Amino acid sequence: MESPEAEPLPGTADATGPRLVRCRLCGRPLTGTASRRTGLGPSCDARLHPAPPHIRHRRHEVEQDTLPGT
């Protein structure tokens, strides 16, 4: 007997409708087209590919000579 969570085999009468696609990291079902295409949910995709920091928020430490007279 099959478990209720098992996917039906492709080509059988039970396999109607869109195929269930799960996230490659967490295993949750994916519903969005982009998520289904990449195989990652939005939160898992953000974890793997974090947004770059905004250019105005970056800090660069630079060695400088001391100003004369200080």
Side-chain angles (χ1 to χ4, degrees):
M1 180 165 198
E2 291 184 32
S3 70
E5 294 179 15
E7 286 187 46
L9 294 173
T12 62
D14 294 332
T16 57
R19 189 175 70 111
L20 179 67
V21 178
R22 294 190 175 273
C23 178
R24 291 182 287 161
L25 286 181
C26 67
R28 292 185 205 152
L30 300 175
T31 56
T33 305
S35 295
R36 291 170 62 91
R37 188 177 302 125
T38 60
L40 292 170
S43 59
C44 291
D45 187 39
R47 247 185 285 151
L48 284 179
H49 306 104
H54 195 274
I55 190 81
R56 293 183 191 174
H57 296 237
R58 292 185 195 165
R59 293 186 178 250
H60 299 282
E61 297 297 326
V62 179
E63 284 190 35
Q64 295 181 344
D65 294 335
T66 56
L67 294 173
T70 56

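What you see is a predicted model, and the numbers here were worked out from it, not measured in a lab.
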Problem set entry | Closest approach of Pro29 to Arg22 (non-hydrogen atoms, all atoms of both residues) |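 Smallest heavy-atom distance, with atoms named: CD-NH1, 3.6 Å.
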
Problem set entry | Smallest separation among heavy atoms of Arg19 and Arg36, with atom names |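 Looks like O-NH2, 2.8 Å.
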
Can you give me every donor-acceptor pair (side chain of residues 41-48, partner residue at least two apart or in another chain, under 3.5 Å) with its distance?
unit_1	atom_1	unit_2	atom_2	d
Asp45	OD1	His49	ND1	2.8

